[in-house]
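Written below as structure tokens is the structure these notes are about.
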Protein chains: 2
Amino acid sequence: MGDKVQELIRIQQIIAPEITKIIQLRYDILRAILYNQPIGRRNLASQLKLGERVIRGEISFLQELNLLHINQWGMTLTEEGERITSYLEEYIRQFGGLSSLEKKICRYLNLPEVIIIPGDSDVNPMVKSDLGRAGARYLKNKLQPKQILAVTGGTTLAEVAEALGNMRFKMDVLVVPARGGLGEKVEIQANTIAAQIAEHLGGDYKLLHVPDNLSPAALRTLQNEPGIKEILDLIAEADLVVHGIGTIEEMSSRRGLGEEEVKRIISKGAVGEALGYYIDSKGKIVDVISSIGLHLEDLKKSKLVVAIAGGKKKAAAILACMYASPQSTLITDQGAAEEIVRLIEEK
Amino acid sequence: MGDKVQELIRIQQIIAPEITKIIQLRYDILRAILYNQPIGRRNLASQLKLGERVIRGEISFLQELNLLHINQWGMTLTEEGERITSYLEEYIRQFGGLSSLEKKICRYLNLPEVIIIPGDSDVNPMVKSDLGRAGARYLKNKLQPKQILAVTGGTTLAEVAEALGNMRFKMDVLVVPARGGLGEKVEIQANTIAAQIAEHLGGDYKLLHVPDNLSPAALRTLQNEPGIKEILDLIAEADLVVHGIGTIEEMSSRRGLGEEEVKRIISKGAVGEALGYYIDSKGKIVDVISSIGLHLEDLKKSKLVVAIAGGKKKAAAILACMYASPQSTLITDQGAAEEIVRLIEEK
DNA sequence: AGCGGGTGGGACTTTTTTGTTCCCAAAGGG
DNA sequence: CCCTTTGGGAACAAAAAAGTCCCACCCGCT
């Protein structure tokens, strides 16, 4: 399908997101009938895990459209119904189909939940805002009062913070940075984003001001400072962790890493970074940024870990991080998702 | 926009007609804000003739999308909002925009209601089915128990009858043919269609079996036959009249008109036919088929007259008939509608 | 300075929609 | 002849949407 169609669907999804669900639902019903015809209402409902009444409503609608035929043995697709179904199959792939992509990635990587938004952040910067919006929506659904939310820095997380600002959504949570400041620009530092999110949510926040790349000895000293330790404990207890994912190229330019340092990390096989860990394409941790904050052991305690990142270029990094952290929810975009699937299936 | 987009929208409208309304609504709101910003919630509601709460719901949705901005003076579109609005303007023209076409034709022809469905029956025969479905839906909304429904023949009306069959819609009405049999093929004769509709609705029907092209004297005799007269009285009392519209070319081929007869009618300036009346491009009746049934005077008594016809080729005929009968509801398709507007504006 | 008209936001009730869960008669299969 | 399935229908519960207020605020006008 053409570019215009892509654009059309993008706009449509922005302006009326509910249509995705409607069309996906009707397509699922049509397909289920196609594969099981003739099939009865109750049977269909239990197969699709939908209420009997929902089915009934949709059925009578589809029947009016002359897409299916009912007799005493059950429901059958009409010729027109079959035509529409096969057309929808292609159509669904464009947007509703993202949900089949989602399932695919869930299966491949054994993740609990994957959310894909259409487009590619690398190509269209607006998609990055959409990604932020998706993240914000996710938080809106999952956050409970009095919970602790840990966030990292990065441009994507900054989008999440901004999107939360546009929502009329308040929740009394405590927001903390997942790790100490990582020497980035202020507006995309974890501290800044944590404070911003807390303000938008009407919640509280605690910051962690720690210089980057300290000596191990200095870090140990800092970790035992009462003021710092208190915050580190809060971070370790976080109920939700939302983090971005970085490629190695990004790291070298954004952070104060020397060229030889980058080369060293690359030579170890690192392709991605998340929460201060460098990870190779197999999902093995090959290096750690010398900073303090959330640890890998803490992650396992946390109820929910959410990774947000998009763009085809980040696919390898995302894949690596998801291998390393299979309990995470992943929010990404179509560009990255398709590339991830390609990478997996290529092997 | 391309062909693919057209097709996409067509399918979408079939499978999920509600999206039209949703998108149209949101577009209307965005546009109203654009032209009146800054504007308040209540003001907006009264202008768009919508409930205050509806507006509030949509507003908070659009706000989350970052399409508009709220402050103490009212609501303003953001840059992104303006971009989306201008995109939607083009998009709406493709399907929701039909409703602006509808309004335009209402205004030009002073009709109470116009319904336009996308596509062109001449190009895509499926559109004719859609037209029938639209007619059926209209009847479903308007019919009341015990009413009398008069219908004519024709392929379009046949589609209406079929579409009614696919709906699970029952209504105890009496269906009658608007005029005596007009010598067409059985399956598109008024009598056949009346019976079919009545059966689908679970109602009653009366038929009118009268040969075509009788001498005036014979007609007068027939009209006073008790059995015939009874039915004619029912027809005259009809609450709803649904009729098709024919072009002269159709008439000559479909009906048993001789070639010189057709020439005679054309020489009088006739461009369309409805309910047995030949009408010229100004809307003047130039000839009448010698048959019995509904009369022009009866039309004025009837509460609702619905004309159903589509296809670019029929535009001139539709226009003529609408000039002649400005109290009618018109159900047509995009192809005809656009041509009608062109014809009007050309003059 | 006070007033009237506008703003958004919040809270409440009513209405409508949606979902759950039955029962029913009919028909095919064993 | 029973058992299972079918669609159709209806009663009822839950949830979402809509209608309607009121409130605090801010402006410009008198």
Side-chain angles (χ1 to χ4, degrees), chain A residues 16-19 21-22 24-26 28-29 32-33 36-64 66-78 81 137 140-141 165-172 200-202, chain B residues 16-19 21-22 25-26 28-29 32-78 81 141 165-172 200-202:
Chain A
E18 47 268 65
I19 70 166
K21 288 175 199 160
I22 298 177
Q24 176 86 42
L25 172 66
R26 295 195 174 145
D28 285 344
I29 292 174
I33 295 173
N36 300 289
Q37 56 189 328
I39 186 175
R41 202 204 312 142
R42 267 164 277 254
N43 234 327
L44 194 61
S46 76
Q47 181 170 334
L48 291 171
K49 285 167 192 162
L50 288 168
E52 183 189 325
R53 183 58 181 277
V54 182
I55 295 289
R56 196 186 294 203
E58 295 300 324
I59 287 302
S60 75
F61 173 82
L62 293 170
Q63 191 186 12
E64 280 193 11
N66 202 18
L67 299 186
L68 54 83
H69 184 247
I70 299 182
N71 63 14
Q72 54 208 156
W73 297 277
M75 296 170 287
T76 321
L77 287 196
T78 61
R137 213 176 309 135
K140 184 177 175 182
N141 287 334
N166 289 325
M167 295 211 215
R168 177 200 320 295
F169 170 59
K170 302 290 169 192
M171 181 64 69
D172 181 24
H200 287 152
L201 292 178
Chain B
E18 46 269 65
I19 71 165
K21 287 173 200 162
I22 297 176
L25 173 65
R26 294 191 176 149
D28 284 345
I29 292 174
I33 295 174
L34 181 64
Y35 290 151
N36 300 290
Q37 55 189 330
I39 187 176
R41 201 207 308 147
R42 268 164 276 254
N43 231 326
L44 194 61
S46 75
Q47 182 171 333
L48 291 171
K49 286 169 189 160
L50 290 168
E52 180 191 327
R53 192 54 184 273
V54 181
I55 294 290
R56 198 187 292 204
E58 295 300 324
I59 287 303
S60 75
F61 172 82
L62 294 171
Q63 191 186 10
E64 280 193 11
L65 291 180
N66 203 16
L67 300 185
L68 54 81
H69 183 247
I70 299 181
N71 62 15
Q72 56 205 160
W73 297 276
M75 296 169 286
T76 320
L77 288 196
T78 61
N141 288 332
N166 290 325
M167 296 210 214
R168 177 201 318 297
F169 170 60
K170 301 290 168 191
M171 180 65 69
D172 181 25
H200 288 152
L201 292 179

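Everything quoted here is computed from the prediction, not taken from an experiment. Quick note on labels: first sequence line is chain A, next is B, and so on, each numbered from 1.
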Task: Sidechain N-carboxylate O distance under 4.0 Å for A:Lys140, B:Glu64 - done: yes

- [ ] Apply the test side-chain contact (heavy atoms from CB on, under 4.5 Å) to residues A:Thr76 and A:Leu68: give CA-CA distance (whole Å), side-chain angles for both, the deciding distance (0.1 Å), then the verdict.
- [x] CA-CA 6 Å; A:Thr76 321; A:Leu68 54 83; over 6 Å; no

Open item on the list: Between P on D:dA18 and CZ on B:Phe61, what's the gap in Å once rounded to a whole number?
Closed with: 14 Å

Task: First of B:Arg53 and B:Arg42 reached from the 5' end of DNA chain C, by closest nucleotide - done: B:Arg42

Task: Side chain A:Thr78, main chain A:His69, donor-acceptor under 3.5 Å - done: no

Open item on the list: Rounded to whole Å, how long is the line connecting atom NZ of B:Lys49 with atom P of D:dA18?
Closed with: 19 Å

Task: Atom pair distance, as rounded to whole Å: CZ in A:Arg56 and P in D:dG9 - done: 8 Å

- [ ] In whole angstrom, give the distance that lies between atom CG of A:Leu68 and atom P of D:dG7.
- [x] 10 Å

TODO: For B:Ile55, answer base if it contacts any base atom (sugar-phosphate contacts may also be present), sugar-phosphate if it contacts only those atoms, and nothing otherwise; contact means non-hydrogen atoms under 4.0 Å.
DONE: nothing

Open item on the list: Expressed as a whole number of angstroms, how long is the span from A:Ile33:CD1 to D:dG7:C1'?
Closed with: 13 Å

Task: chain A footprint on DNA chain C, 5' to 3' - any atom under 4.0 Å from a heavy atom - done: C:dG9 to C:dG28

Task: Separation of atom CD1 in B:Ile59 from atom P in D:dA17, rounded to whole Å - done: 16 Å

Task: Side-chain heavy atoms of B:Leu25 within contact of B:Leu48, under 4.5 Å - done: no

Task: Interatomic distance, B:Glu52 CD vs D:dC22 P [rounded to whole Å] - done: 12 Å

Task: Identified side-chain contact (heavy atoms from CB on, under 4.5 Å) counterpart of A:Ile33 within the set A:Leu67, A:Asp28, A:Ile39 - done: A:Ile39

Open item on the list: Using only atom types and a distance under 3.5 Å, with no angle test, would you say the side chain of A:Lys170 pairs donor to acceptor with the backbone of A:His200?
Closed with: yes

TODO: Would you mind reading off the distance between B:Ile70 atom CD1 and D:dC25 atom C1', rounded to a whole angstrom?
DONE: 15 Å

- [ ] Applying side-chain contact (heavy atoms from CB on, under 4.5 Å), run through B:Ile70 and B:Ile59 and close with a yes or a no.
- [x] CA-CA 9 Å; B:Ile70 299 181; B:Ile59 287 303; 3.8 Å; yes

TODO: Take B:Trp73 and A:Met75, find for each the nucleotide of DNA chain D with the closest heavy atom, and name the residue whose nucleotide sits nearer the 5' end.
DONE: A:Met75

